[in-house]
Amino acid sequence: MRITARLIVTLALTAGLVVGGATYIQLRTERGRLVEDLERRSAILAESIDTAVDPALFTRDRKKIQQFVGKFSNRGRLSGIAITDAKGDVLAATPVLQDEAATVIGLAAEALKSETPVVKFIKFKAGEQHAYTLALHSDEGVVTGSLIILQDTTHVHARLRDVWRNNFLRLLTQVFLIALVTLFVVRWDILAPVAQMAEWMRHQRAGDDSEPSPLPHTDLFGPMAKEVKTFARHLSVAKTAAEEEARLRQISESLWTPERLKDHVKMKLGGQPLVIVSNREPYMHRYKGREVEVIVPAGGVVTALDPLMRACGGTWIAHGAGDADWDFVDKRNRVRVPPEDPQYTLRRVALSAAEENGYYYGFSNEGLWPLCHIAHVRPDFRPEDWTQYLAANQKFADATLDEIEDQESPCVLVQDYHFAVLPRMIKERRPDARVALFWHIPWPNPESFGICPWQTELVSGMLGADLMGFHTQYHCNNFLETVDRTMECRIDRERFSVIKEGHLTAVKPFPISVHFPGPDRDKAGDPSVKVDKPALLKELRTKAEFLGVGVDRVDYTKGILERFRAVERFLDKHPKYRGRFTFVQLGAPSRTHIQRYNQFLAETDAEADRINWKFKASDWRPIVYLKKHHNHKEIEPYYRAADVCMVTSLSDGMNLVAKEFVAAREDDDGALVLSRFAGASRELADALIVNPYDIDQAAEAIRYALEMPAEERRTRMRRLRETVKENNIYRWAGNLITELTQIRPEPRPGVHSA
Ligand code: F6P
C-alpha cells in the first residue's frame with residue numbers, strides 16, 4: 001500500500017475509534033438523562049395520582065377509580081395507567097393496559113412487595129414502554145394497592161438514533177477532510193521534496209556534481225538535505241580517489257619498468273642470478289690504433305637484452321669477439337659491464353678461428369640465417385660447419401654449466417639460432433635447469449626448413465628447452481608444423497606444446513621490444529627533444545628540407561637496395577622533392593667475411609652511387625650512405641630529426657629499429673614506413689605498411705609520409721608510441737621469465753630431496 005493510502009487509512013481508523021468512543025459515552029449519557037426524565041415525570045404523576053385516588057381506593061369505588069384513570073389516558077407521552085388493589089387485582093386501567101392484564105398483574109405483584117418504585121422497560125405490541133410501578137399507601141401507611149404508569153420511549157430511541165447519525169456524519173466528514181489534507185501534505189510537503197532530492201542524487205550518481213536546488217520546508221528536510229549533501233560530497237571525493245587509484249593501478253599494472261622487472265625477477269627467481277647465453281656480446285673491447293674502445297655491437301639481441309640485464313643483474317655468456325676483449329677479463333673470463341657503470345657480469349667464451357668460421361660464419365650465417373629468412377639467398381650447409389656448430393654449442397654449454405654449478409633449478413635464457421642444440425646439452429647434464437630458447441629470427445614453413453640436412457638434430461636440440469619463444473604466433477605455428485614433419489612426438493595444439501620422450505616444450509610468442517624512455521624524457525616541446533636538422537645535414541654535406549632515415553646492419557634481408565630504389569622512384573615521380581629530400585642510411589657493415597655480405601655491401605654502395613649520380617646536384621645528395629658502426633648516441637639525432645624512417649626488411653623476426661625510432665620520437669612527430677614482412681608490422685599498425693618488393697608502393701609511402709596532414713602524423717605516432725611504451729622490453733622479459741618459472745623443474749641428478 002502506498003504511503004498516502006496507509007496514512008489515510010491509519011488516520012481514518014484513529015478518527016473512527018475516537019468518534020466511536022465519544023459516541024458511546026454520549027449515547028449513555030443521553031439515554032440516562034432521558035430515562036431519568038421519564039422517571040421524574042412518572043414520579044410526579046404518581047404522587048399526584050396517589051393523593052387523588054386514595055379515597056376512592058379506600059372505598060374500592062371502581063367507577064370513580066376508572067373515571068380518574070380515564071382522565072390521564074391521553075397526556076403527552078403517557079401511554080397508560082393501571083391501578084390494582086392491595087392483592088394485585090386490576091381495579092382500573094387505560095386501554096393499552098387492559099389488553100396486557102398478565103403484565104400488569106406481574107408488575108403490581110413486584111411493586112406490592114417492594115418499598116421503592118419499580119422501574120422497567122417492557123416490550124408491548126405498541127412498542128417499548130417505560131413502566132413505573134409503586135405501591136399506594138393510606139395515610140396510615142397501609143398498602144392500599146399499586147399504581148402502574150407507562151410512558152412511551154419512542155423519543156428516547158429517536159434521540160439516540162439522531163446521536164448515532166450525527167456522529168457518523170461527523171466521522172465521514174472528518175475522514176474526508178483527513179484524506180484530503182493528508183493527500184496534499186504528503187504530495188506537496190513530503191513526496192515532492194523527496195522526489196527532488198532523489199532526482200539530484202540520481203544526477204550525482206551519473207557524475208553531475210552540481211548543487212541541489214533549495215528544498216521547500218527546510219525545517220523538515222533541511223537537516224536531511226544537509227547530511228545528504230555532505231554524504232554526496234564525500235562520495236564524490238571517494239569516487240575521484242577511486243578513479244585516480246584505478247588509473248594509477250592500471251598504468252602501473254600495464255607499464256613494465258626496470259624496477260618492476262627487477263622486483264618481478266627477484267620474486268620469481270628467489271634471488272638467483274639470471275643467466276643469458278648469446279653469440280654476440282653486449283660490450284666489445286677493440287683496439288683503435290693504440291687505444292682501446294668499447295663498442296656496443298649493432299643488432300636486436302644486444303638492443304633488447306642489455307636494458308634487461310642492467311635491470312636484473314646476472315651473467316651474460318657470449319663470444320668474446322673483440323680483439324682487446326681478453327685484456328679485460330678475470331681468470332674466469334669475466335668482466336663487469338657496462339664499463340662506465342657496471343651492473344652485470346659478462347662471461348666471455350673464446351672461440352678458435354676454425355670454430356668461429358664453421359659455427360658463426362658458416363653454419364649459423366650461411367646456413368641457418370638464409371634458411372630462416374626467405375630472402376632468396378641460397379643456404380649453404382657444409383658438414384665441417386655443422387661439426388664446428390656442435391663443438392661451439394658444447395663450449396657455450398660448458399661455460400653455462402660452470403656458471404650454474406652452485407644454483408638449484410637455475411633459469412637460463414638462450415638466445416637465437418646460433419644455439420639450436422645448446423638447450424639439450426644443458427638439460428642432459430642439468431635436468432633441473434629451466435631453459436628457454438628465444439629464436440630472434442623468423443621460422444620458415446616446414447618445406448623450406450626441410451632442406452636442412454640436420455633438421456632432426458636441430459629440432460631435437462631445440463626441444464631440449466622447456467620453453468621455445470618466437471616473435472609471432474605465425475613463427476610458432478611454422479615451428480610446430482616443422483616438428484610434426486620431422487620427428488615422432490606428441491603435439492598439443494591447444495596448449496601449444498610438444499611432448500617428446502616425456503619432456504614438454506611450451507611454444508609461445510613473445511614479441512620482443514626496446515627500452516622506452518621514462519617520463520623524465522617524455523616532455524614534448526623540451527628543446528633537447530628537437531634536433532637541428534639543417535646542421536645535421538650540413539655535416540653530411542647536403543641540403544634538404546625533408547629527411548628520411550634507415551638504420552641497419554648491412555644485410556641482404558633488410559631490403560636496403562629496395563629502399564634505395566623506392567627513394568629513386570619517389571624522386572622520379574615527384575620531381576618537386578629533388579633538392580628537398582635526402583635519405584640517410586646508417587649501415588653497420590656486418591659478417592663481411594661472408595662473400596654474400598661483402599658483395600651486398602658493394603651492391604648497396606654502388607646502388608646509392610648510381611642514384612646519387614642520376615640526380616647529381618652540387619649541394620644536394622638524394623642518398624647519404626654512412627657505412628660504419630654507429631652507437632646509440634650517434635643514431636639518436638637521426639631518429640629525432642627524420643621526417644620518415646624506413647624499415648623495409650624482406651624478412652625479419654621483429655626488427656627493433658622500427659621500435660627504436662618510435663621510442664625516440666618524444667615530439668610525437670615523424671612517420672614510419674614499415675615492411676609487412678617484419679614481425680614489428682603485427683604490432684605497429686599505425687605505420688605505413690608496405691611490401692618492399694613493390695617499389696612503387698614504397699615510393700608512394702614516402703610521399704604520403706611527407707604530405708599527410710600533420711594531425712594524422714601525430715595521431716599515428718602517438719598510437720605507435722603507446723604500443724611500444726606498453727609492450728616494452730621489460731614486459732617481454734617479465735612474460736618470458738614468468739612462463740619459464742612456471743615450469744616444474746626435474747630433480748638434479750645425484751641430489752635427492754628428503
Ligand atoms: O636478430 C638477429 C641477429 O642475428 C642477432 O642474433 C644479432 O644480435 C644480430 O642479428 C646481429 O647479428 P650478428 O651478431 O651476426 O652481428
Side-chain angles (χ1 to χ4, degrees), residues 276-284 286 295-309 316-322 325 346 348-349 351 355-373 375 377 379 385 389 392-393 396 413-420 422 437-444 469-472 475 510-514 551-558 560 586-594 596-598 600-601 627-632 647 649-660 675 677-680 729 732:
I276 284 188
V277 187
S278 78
N279 171 70
R280 187 59 66 200
E281 59 183 337
Y283 297 92
M284 188 187 275
R286 46 176 214 195
I295 66 153
V296 176
V301 169
V302 172
T303 305
L305 298 183
D306 180 56
L308 157 69
M309 289 303 278
W316 185 328
I317 302 168
H319 172 212
D325 272 353
L346 168 62
R348 286 174 168 148
V349 175
L351 294 177
E355 279 168 338
E356 193 177 352
N357 276 331
Y359 139 80
Y360 172 73
Y361 288 110
F363 196 78
S364 296
N365 287 316
E366 287 190 274
L368 288 178
W369 180 269
L371 177 73
C372 290
H373 291 88
V377 170
D385 290 345
Y389 185 83
N393 270 244
F396 277 88
L413 302 183
V414 181
Q415 308 300 318
D416 233 345
Y417 59 98
H418 310 90
F419 299 117
L422 182 62
L437 171 57
F438 192 81
W439 202 259
H440 288 258
I441 61 176
W443 189 273
F470 294 92
H471 292 300
T472 66
H475 298 150
F510 299 93
I512 205 165
S513 194
V514 293
V551 180
D552 303 87
R553 280 184 309 100
V554 182
D555 192 303
Y556 53 80
T557 61
K558 302 295 179 187
I560 298 171
L586 308 185
S590 170
R591 307 170 189 168
T592 43
H593 292 311
I594 298 172
R596 182 71 195 96
Y597 279 83
N598 226 334
F600 186 71
L601 188 61
K627 299 179 297 295
K628 76 167 192 86
H629 174 84
H630 292 82
N631 62 36
H632 287 301
V647 175
S649 315
L650 305 180
S651 174
D652 218 326
M654 172 57 72
N655 195 303
L656 290 182
V657 169
K659 292 188 175 180
E660 276 186 307
S675 163
F677 305 122
I729 183 63
W732 175 84

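Just follow the structure's listing: the first ligand is 1, and inside any ligand the first atom is 1. When a residue number appears, it is its place in the shown sequence, counting from 1.
Under the ring pair (Phe, Tyr, Trp, His ring centres under 6.0 Å) criterion, His593 pairs with Tyr361, not counting sequence neighbours. Listed by chain and number, the residues in a ring pair (Phe, Tyr, Trp, His ring centres under 6.0 Å) with Tyr417 are Trp369 (sequence neighbours excluded). Among residues two or more places apart in sequence or in another chain, the ring pair (Phe, Tyr, Trp, His ring centres under 6.0 Å) test is passed with Phe510 by none.
Aromatic ring centres of Tyr389 and His418 lie farther apart than the 6.0 Å criterion allows.
The shortest side-chain heavy-atom distance between Phe677 and Pro442 does not fall under the 4.5 Å cut-off.
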Before you tell me yes or no, could you show the steps for Tyr359 and Asp385 under side chain to side chain contact (heavy atoms under 4.5 Å, CB included), namely the whole-Å CA-CA distance, both residues' side-chain angles and the distance that decides it to 0.1 Å?
CA-CA 6 Å; Tyr359 139 80; Asp385 290 345; over 6 Å; no
Considering only N or O atoms, set out every pair between ligand 1 and the protein closer than 3.5 Å, with distances to one decimal place.
residue	atom	partner	partner atom	Å
ligand 1	4 (O)	Tyr417	OH	3.3
ligand 1	4 (O)	Arg591	NH2	3.2
ligand 1	6 (O)	Asp416	OD2	2.3
ligand 1	8 (O)	Val301	N	3.4
ligand 1	12 (O)	Arg591	NH2	2.9
ligand 1	14 (O)	Arg280	NE	2.9
ligand 1	14 (O)	Arg280	NH2	3.4
ligand 1	15 (O)	Tyr360	OH	2.4
ligand 1	15 (O)	Arg591	NE	2.8
ligand 1	15 (O)	Arg591	NH2	3.0
ligand 1	16 (O)	Arg280	NH2	3.2

